[in-house]
Structures are given as C-alpha cells and as structure tokens.
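Notes follow once the structure below has been shown.
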Number of protein chains: 2
Amino acid sequence: MHDHDSCIRAALSHAESHCAREGVQLTPVRRRVLEILLEEHRALGAYEILDRLRDEGLGGQPPVVYRALDFLIRAGLVHRIETLNAFAACAHAGEGHVPVFLICRQCRHVIETPAPAGGQLERAAEGAGFAIETTVREAEGLCADCRTAA
Amino acid sequence: MHDHDSCIRAALSHAESHCAREGVQLTPVRRRVLEILLEEHRALGAYEILDRLRDEGLGGQPPVVYRALDFLIRAGLVHRIETLNAFAACAHAGEGHVPVFLICRQCRHVIETPAPAGGQLERAAEGAGFAIETTVREAEGLCADCRTAA
DNA sequence: GGTGTTCTGTTATAATATAACTCATCCAGG
DNA sequence: CCTGGATGAGTTATATTATAACAGAACACC
Ligand SMILES: [Zn+2]
Ligand SMILES: [Zn+2]
Ligand SMILES: [Zn+2]
Ligand SMILES: [Zn+2]
C-alpha cells in the first residue's frame with residue numbers, strides 16, 4: 001500500500017520550492033486546487049474541482065479553476081488528460097519526465113508512468129522536420145485489477 | 001506535390017470495399033462526411049462539418065454528424081484528434097497502423113505518420129499489467145514549413 | 001403483414017471552456 | 001507618501017463541444 005499522506009506532503013513541498021525558485025506565487029486557490037487533486041489521487045474534471053472549491057467558499061466560477069489549472073500545468077505540477085478532458089496531479093513532479101497515461105475504462109483510474117524521452121513521436125517528428133513542443137501519450141484499456149476481477 | 005483527386009478516390013474506394021466486407025452501410029450522410037474530411041485534408045471540428053452538411057441540405061443537427069463520425073471512427077476511416085477536439089480522415093486506411101499525429105500550432109496542419117506498434121505506451125502498459133485497447137499519440141509544435149518561414 | 005433492425009430527424013440539454021471587464025493587492029520608483 | 005505597473009481573483013455572460021431521448025422512415029426476414 002501507498003502512504004498517501006506523506007505523498008501529498010512531499011508533492012506540496014516540491015510545489016512550494018518550485019514556485020519559490022521560479023519566483024511565482026502558489027496562492028491559496030492554486031494551492032487548494034493542487035491539494036484537491038493530490039487528495040483524490042485521480043483525474044478530476046474542472047467542474048468537479050470547482051464544486052469542491054465552492055463548498056469551501058473559494059472561488060465559485062469556472063474561470064477561477066481554469067486559471068489555477070493553467071498555472072499548475074505550466075508549472076509542471078498538474079497534467080491535463082486529453083482523453084478524459086480532466087486533470088491529475090503529476091505523480092513524478094520534478095523528475096524530468098514525459099508523461100504517459102494508462103486510463104482504465106472500467107474503474108476510471110489513471111496510472112501515470114514515468115518514461116524517457118525518445119519514443120515514436122520524437123522519431124516521427126524528426127523524419128518530418130517537425131519541432132515538438134508538447135506531447136500527449138495516453139492509452140485506454142483495462143487495468144491489472146479490473147482484468148483479474150473479470 | 002500530391003495528387004489529391006486520386007488520393008480521395010482511392011480512400012473512398014477503400015471505404016466502400018471495407019464496408020462491403022464488414023456488412024455495414026456507407027450511407028449518404030456517412031459518405032459525405034468522409035468526403036468532406038478527405039477534400040479538406042485537415043482536421044475539422046464536428047460543427048464545421050455540420051455547417052457544410054447543412055449547406056447541402058443533409059442533416060442539420062449535431063447528432064447526425066456525431067453519429068456519422070462514430071461510425072467512421074469505428075471503421076478506422078477517420079481519427080479523432082484529442083488535442084484539437086477535431087476529426088481527420090485517415091491518411092493510411094487499411095494499412096494496419098497506430099496513428100501518430102504531429103499538429104502544427106501555427107498553420108494548424110495535422111500530419112499523420114504511420115508508425116509500428118510497440119512504443120513507450122506498450123512498454124509502460126506491459127510493466128503495469130495494463131491491457132491497452134486504444135492509444136492516443138499526438139505532438140504539438142511547429143511543422144517544417146512554419147519553421148523555415150520563421 | 002407483422003416484427004426486428006438500422007439509420008435518420010428533431011428537440012432539448014449537458015459538459016467543457018473562454019472572453020471581457022472589474023476590483024483588490026502588492027510593491028518598486030519617484 | 002503616492003502612484004503606476006503587475007499580478008491574481010471575482011463576476012457576468014457566452015462560446016464550443018457533445019449527448020440523451022424519443023419519433024419516424026426504410027428495409028429485410030419470416
Ligand atoms: Zn508527471
Ligand atoms: Zn480498472
Ligand atoms: Zn490512420
Ligand atoms: Zn505549420
């Protein structure tokens with residue numbers, strides 16, 4: 001099993017030092033959005049996050065949460081999952097990785113696996129003279145638990 | 001340069017024989033959606049396609065175009081580009097490939113490159129005991145033309 | 001001619017995302 | 001001090017993307 005409390009603390013402290021180093025602000029809204037994603041430990045839609053914020057009296061309109069997510073994504077602390085139109089806290093913040101996501105269509109869990117750069121996308125881009133800026137690598141299927149359950 | 005007329009004809013004839021083989025119908029709406037995507041030779045949003053259909057008196061409501069797109073995607077004739085929430089005719093229909101997309105953020109062109117199976121996604125999945133059903137591989141950046149222009 | 005199947009038409013609405021403007025705060029330069 | 005720029009939050013309204021739900025046409029099979 002996984003020590004979720006210490007995993008959250010580590011991620012938050014990484015976020016703090018990252019923001020301090022970059023000279024940007026981890027404001028209460030931004031910090032709370034990151035905490036929510038870390039606590040849930042799964043991908044949440046922007047409006048799910050917004051509902052949580054609203055319950056806590058912290059910014060009741062969509063732009064608030066979308067701006068916070070933009071910030072966290074630019075900082076590399078959160079990833080957007082294109083396949084789900086959802087967002088998840090990075091599970092390997094600060095490790096210099098390309099994110100690869102495995103999304104279970106049954107239990108909806110998202111596994112972020114660390115991967116080195118230099119896969120098919122990079123090779124394809126090189127062949128075409130294309131300069132990559134960001135990449136999306138996502139797979140949908142059945143996770144190990146759901147496979148054994150079935 | 002690229003002989004677009006013959007490329008469209010080839011793709012349509014592949015679509016016809018594929019549907020005949022599978023015993024499914026390439027109806028007028030479905031065929032026209034595929035033609036539009038082939039003619040444009042780029043990624044179109046569902047509502048852009050819908051506007052074109054409407055002009056031709058062929059199905060004026062969103063469900064019509066979304067249903068046609070579902071069909072064409074299931075048939076492997078069209079791909080959904082997750083990064084753009086858009087759709088593009090497959091440039092390698094019938095060649096048994098995993099789609100890899102290079103999306104230029106400047107000219108919005110989408111390059112579909114053929115790629116073999118067995119990249120990072122598959123390796124990551126194997127390590128996690130995850131059974132892949134579909135994959136998304138997309139990169140955003142600058143295409144060769146836009147790089148030389150800049 | 002009934003009966004199941006497939007496809008389309010239509011209305012309404014859900015879910016996701018952004019534009020545009022306002023206001024508060026902080027802080028460096030004068 | 002006080003002021004002008006920068007940053008971030010609040011708010012209203014709206015744009016964009018996608019689906020639910022149900023009705024009717026067309027056809028195929030028995
Ligand atoms: Zn990550
Ligand atoms: Zn699962
Ligand atoms: Zn393809
Ligand atoms: Zn370009």
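The analysis underlying the following values was restricted to heavy atoms, covering all of them including side chains, and did not include hydrogens, waters or symmetry mates. Chain letters run A, B, ... following the sequence lines, proteins first, then strands; residues in each count from 1.
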Roughly how many Å is it from OH in Tyr66(B) to P in dT13(C), rounded to a whole number? 18 Å
Quickly work out the Leu44(B) CG to dA18(D) P distance and round it to whole Å. 13 Å
Tell me which nucleotide among dT11(C), dT18(C), dG8(D) gets nearest to the side chain of Arg30(A). dG8(D)
Ile49(B) CD1 to dT16(D) C1', in whole Å, measures 15 Å
Can you see which heavy atom on Glu39(A) is nearest to which on His4(A), and at what distance? O-NE2, 3.2 Å
Among dA17(C), dT8(C), dG10(D), which nucleotide has an atom closest to any side-chain atom of Val29(B)? dT8(C)
Side chain of Arg80(A) (C-beta onward), nearest among dA17(C), dA18(D), dT18(C): dA17(C)
Is it true that Arg52(A) and Glu48(A) make a salt bridge, defined as a side-chain N closer than 4.0 Å to a carboxylate O? no
Under 6.0 Å between ring centres: does that hold for His79(B) and Phe87(B)? no
Can you identify which nucleotide, out of dA18(D), dT11(D), dC7(C), has its nearest atom closest to the Thr27(B) side chain? dC7(C)
Roughly, in whole Å, what's the span from CD in Glu48(B) to P in dT16(D)? 11 Å
Let me spell it out: for each of Arg67(B) and Asn85(B), pick the nucleotide of DNA chain C with the closest heavy atom. Which residue's pick is nearer the 5' end? Arg67(B)
Spell out yes or no: do the side chain of Tyr47(A) and the base of dA14(C) have one donor N/O and one acceptor N/O closer than 3.5 Å? no
Rounded to whole Å, CG of Leu69(A) lies from C1' of dT16(C) at a distance of 12 Å
Have His97(A) and Glu112(A) got a donor and an acceptor in their side chains that come within less than 3.5 Å? yes
Leu53(B) CG to dT8(C) C1', straight-line distance once rounded to whole Å: 12 Å
Pick the nucleotide of DNA chain D nearest each of Pro62(A) and Ala68(A); which residue has the one closer to the 5' end? Ala68(A)
Ignoring the backbone of Pro63(B), work out which of dT11(C), dT6(C), dT17(D) is nearest its side chain. dT11(C)
Distance, rounded to the nearest Å, where Leu58(B) contributes CG and dC7(C) contributes C1': 13 Å
Compare the minimum distances between each of dA17(C), dT11(C), dG10(D) and the side chain of Gln61(B), then state the nucleotide with the smallest one. dT11(C)
N-O pairing of Glu82(B) and Arg80(B) below 4.0 Å: yes
What is the separation between atom CG on Leu50(B) and atom C1' on dT8(C), rounded to the nearest whole Å? 14 Å
